[in-house]
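Report on one structure; see the data block that follows.
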Amino acid sequence: SRCFHRLLSVVIETMTTQEFNPNDATTTPMTRLQFDNRFVRELPADPDTENVRRQVLGACYTFVNPTPVAEPELVAYSMDLATDLGIRPVDCESLQFANVFAGNELLEGMQPHAMCYGGHQFGNWAGQLGDGRAINLGEVQDIHGQLQMLQLKGAGETPYSRSADGLAVLRSSVREFLCSEAMFHLGIPTTRALSLVTTGEGVIRDMFYDGRPQTEPGAIVCRVAPSFLRIGNYELFNSHGDIDNLKLLVDYTIRHHYSHLGEPSKATYLAWFKEVCERTADLVVHWMRVGFVHGVLNTDNTSILGLTIDYGPYGWIDNYDPHWTPNTTDATGKRYRFGHQPQIAQWNLLQLGNAIYPLIDDVEPLQQILTDYVKLYTDKWQKMRADKLGLNDYQGDADHELNQQLQKILLLAETDMTIFYRNLADVSCEQNDLSDEDLLAPLMEAYYAPEALSKEDKKDICNWLRRYQLRVQQDGTSDLDRKARMNRVNPKYVLRNYLSQQAIDKAHDGDYSLIHELLEVMHRPYDEQPQYQHYAAKRPDWARDKPGCSMLSCSS
Ligand code: AMP
Ligand code: MG
């Protein structure tokens with residue numbers, strides 16, 4: 001291993017003088033990781049390895065080492081992801097694990113590099129962006145035989161850091177760590193998070209860009225995904241007119257991540273574009289299902305694999321509101337508001353279509369795929385809506401009406417989206433003779449101010465519920481079966497914004513227990529877990545307008 005850190009010379013010495021045998025349990029904990037760096041091997045590197053900010057042409061990445069930090073301390077790790085990667089819990093608890101995932105020590109076979117990409121930010125072409133604070137360490141084979149890229153976020157400057165410092169603060173790292181894992185266990189495609197370490201160093205951030213900079217604890221998350229390629233990677237080559245490298249990258253992506261589509265050809269490029277559109281539509285349907293708002297859905301934050309990527313000022317819907325955006329930077333235009341995500345995804349896919357156009361040289365089929373996206377998304381979303389209501393299928397106009405009315409019901413008064421859908425499964429559809437009050441009873445918990453519901457509001461809600469009962473009866477699904485079906489898509493637990501903020505507040509006091517507990521709860525988001533009932537509670541009043549709970553900035 002190559003090691004950087006001065007404070008850890010004792011550890012370093014034992015490691016550098018030892019003979020490594022990956023099968024020998026007495027070797028250092030992390031040596032069983034075997035790297036196979038396909039991305040680096042097959043794609044062009046920036047010949048310049050100097051860590052100086054600059055424009056990089058004709059390369060997919062630049063070799064750059066993580067910057068060593070003062071005092072790595074493990075805060076949390078994902079045991080199931082570690083297991084998938086062949087890392088044992090005892091390895092995760094080792095000093096070496098914290099050192100490696102703080103960037104202080106490189107393992108044999110790692111080839112650290114920052115990726116070069118561009119992107120459209122808030123609708124405008126921003127030129128070269130790149131991994132300004134992310135460093136890929138290398139690819140390891142997981143126990144399913146798939147290569148997984150390990151990436152440190154917040155490990156120091158790269159040639160792509162532009163005017164920023166390459167670092168990340170504990171606050172945003174807790175949010176990324178917890179949300180990646182919560183998302184995965186919700187069954188939603190996402191990059192994962194293996195570890196969260198603090199660096200022992202301070203990082204200065206002006207959280208709301210209002211001239212009040214503060215020193216916050218620095219932290220690093222190790223993210224894991226088959227690939228961190230984004231739409232912006234393809235856009236940048238196109239913007240340089242570098243069609244050779246564009247083709248190299250697209251062919252690479254298809255060969256290794258879409259190999260079922262066959263050898264690259266014009267037809268394959270179109271099939272690939274179509275599948276990226278499909279995966280993106282699936283992803284957004286999931287987000288809409290659980291009330292997730294990405295918050296900065298720029299093309300550089302849109303994964304080519306259809307994964308949720310780059311957890312920044314994201315948020316979870318508490319009271320249902322399609323116009324809500326968690327991102328204060330987005331407060332005026334609300335481009336990235338909850339209800340706008342399907343359209344924004346299409347806009348981003350249009351940019352991908354533009355980027356790969358030179359390889360296809362034919363507008364019509366690309367245009368057709370983009371047009372089809374609307375129907376594709378709508379079909380998928382309607383199917384999901386049926387699932388959320390526990391129906392066998394979505395029946396055209398009749399169910400459209402039912403869902404339109406549901407939207408209105410959800411906006412009558414502040415209604416907690418997660419609790420509403422979860423508790424809707426407890427409204428009996430087998431009993432036709434329920435009083436309004438009994439009918440409504442399971443849903444009352446979802447209202448932020450139940451006493452403020454007027455008589456008419458209640459009447460409207462009951463009318464909708466009686467329509468819903470009829471529809472379910474027509475479907476012929478028993479209450480029991482319907483509940484089981486609904487509870488598989490309507491989670492009990494989501495990573496509510498105020499919960500993360502509480503975990504962050506405690507972490508700032510050196511208490512990581514809530515991070516661990518939330519990680520545990522979010523492991524089984526569809527299960528009741530009575531001992532954790534309080535984590536299913538709607539947003540408390542104090543969190544309504546609190547920074548971190550309802551307002552987030554890109555400063556992270
Ligand atoms: P984002 O939209 O937050 O994913 O980031 C947009 C661009 O800014 C990406 O190229 C990031 O790598 C870069 N960036 C964000 N924060 C930092 C930072 N603290 N240091 C260096 N680059 C950063
Ligand atoms: Mg980003």
Side-chain angles (χ1 to χ4, degrees), residues 74-84 89 92-93 170-196 219 221-224 286-287 289-293 308 311 314-319 326 388 416-426 445-446 483-484 486-540 542-543 546 548-550 552:
L74 181 69
V75 173
Y77 66 93
S78 165
M79 197 185 296
D80 46 291
L81 176 56
T83 305
D84 261 10
C92 297
E93 315 268 348
L170 180 57
R171 154 175 67 83
S172 60
S173 305
V174 168
R175 285 169 50 83
E176 172 130 24
F177 176 80
L178 284 177
C179 203
S180 307
E181 293 306 282
M183 209 57 132
F184 174 77
H185 292 291
L186 280 164
I188 304 178
T190 179
T191 64
R192 304 272 321 255
L194 173 64
S195 56
L196 168 62
V221 169
C222 178
R223 311 199 291 187
V224 179
H286 277 302
W287 290 350
R289 161 171 76 89
V290 298
F292 177 79
V293 194
T308 314
Y311 291 89
Y314 68 81
W316 293 83
I317 291 286
D318 291 310
N319 56 297
K388 282 183 77 65
D416 192 87
M417 176 179 161
T418 306
I419 298 176
F420 183 93
Y421 278 105
R422 186 76 183 187
N423 290 13
L424 185 60
D426 291 326
E445 189 195 349
K483 179 168 172 158
M486 290 171 79
N487 286 358
R488 281 198 291 270
V489 290
N490 298 324
K492 166 103 179 184
Y493 299 95
V494 294
L495 190 66
R496 290 172 183 274
N497 314 307
Y498 81 90
L499 292 176
S500 294
Q501 189 55 43
Q502 286 179 319
I504 291 163
D505 289 343
K506 281 196 170 187
H508 281 163
D509 294 335
D511 174 0
Y512 304 138
S513 59
L514 191 49
I515 297 175
H516 300 146
E517 196 156 281
L518 288 176
L519 186 62
E520 169 76 19
V521 180
M522 299 306 158
H523 238 244
R524 296 189 291 127
Y526 301 100
D527 292 356
E528 283 299 319
Q529 307 187 68
Q531 74 278 29
Y532 292 133
Q533 176 66 32
H534 50 293
Y535 295 129
K538 54 185 177 267
R539 174 199 58 217
W542 60 260
K546 190 178 167 0
C549 298
S550 62
L552 291 134

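Source: prediction; values computed, not measured.
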Gap between atom CG of D505 and atom OG of S500 - 0.5 Å precision: 11.0 Å
Q502 side, atom CD; E517 side, atom CD - distance, nearest 0.5 Å: 11.0 Å
Side chain E181, main chain A193, donor-acceptor under 3.5 Å: yes
Taking every non-hydrogen atom, the tightest pair across L518 and A503: CD1-CB, 3.9 Å
Listed partners of A182 passing side chain to side chain contact (heavy atoms under 4.5 Å, CB included), at least two apart: L495, M522
Side-chain donor-acceptor pair present, N319, R539, cut-off under 3.5 Å: yes
Shortest non-hydrogen contact from R289 toward L186: NH2-O, 3.2 Å
Straight-line distance of I504 CD1 to R171 CZ, nearest 0.5 Å: 7.5 Å
Heavy-atom side-chain proximity of D527 to Y493 below 4.5 angstrom: no
Y532 and Y535 aromatic ring geometry - parallel, tilted or perpendicular at 30°/60° bounds: tilted
Y314 six-ring face occupied by R175 cation (under 6.0 Å, within 45°): yes
Point-to-point distance, once rounded to the nearest 0.5 Å, from OG of S195 to CZ of R223: 12.0 Å
D511 side chain to K506 backbone, donor-acceptor under 3.5 Å: no
Heavy-atom donor-acceptor pair, K492 side chain to N487 backbone, under 3.5 Å: no
Derivation and outcome, side-chain contact (heavy atoms from CB on, under 4.5 Å), residues T308 and H286: CA-CA 10 Å; T308 314; H286 277 302; over 6 Å; no
F177 side, atom CZ; R192 side, atom CZ - distance, nearest 0.5 Å: 9.5 Å
For the student: nearest non-hydrogen atoms of L519 and L178, plus distance: N-CD2, 3.9 Å
Beyond-backbone contact of P89 with Y77, side-chain heavy atoms, under 4.5 angstrom: yes
Check: M79 and C92 side chains under 4.5 Å, non-hydrogen atoms: no
Closest contact, heavy atoms only, R496 versus I419: NH2-CG1, 3.7 Å
T191 side chain vs V224 backbone, donor-acceptor pair below 3.5 Å: no
Y526 side-chain N/O to V489 backbone N/O, donor-acceptor pair under 3.5 Å: no
D416 backbone acceptor or donor facing D318 side chain under 3.5 Å: no
Heavy-atom closest contact (Q529 atom, R524 atom, distance): NE2-O, 2.7 Å
Rounded distance [0.5 Å steps], SG in C179 versus CZ in F292: 5.0 Å
Closest non-hydrogen atom pair between N490 and K388, with its separation: OD1-NZ, 2.7 Å
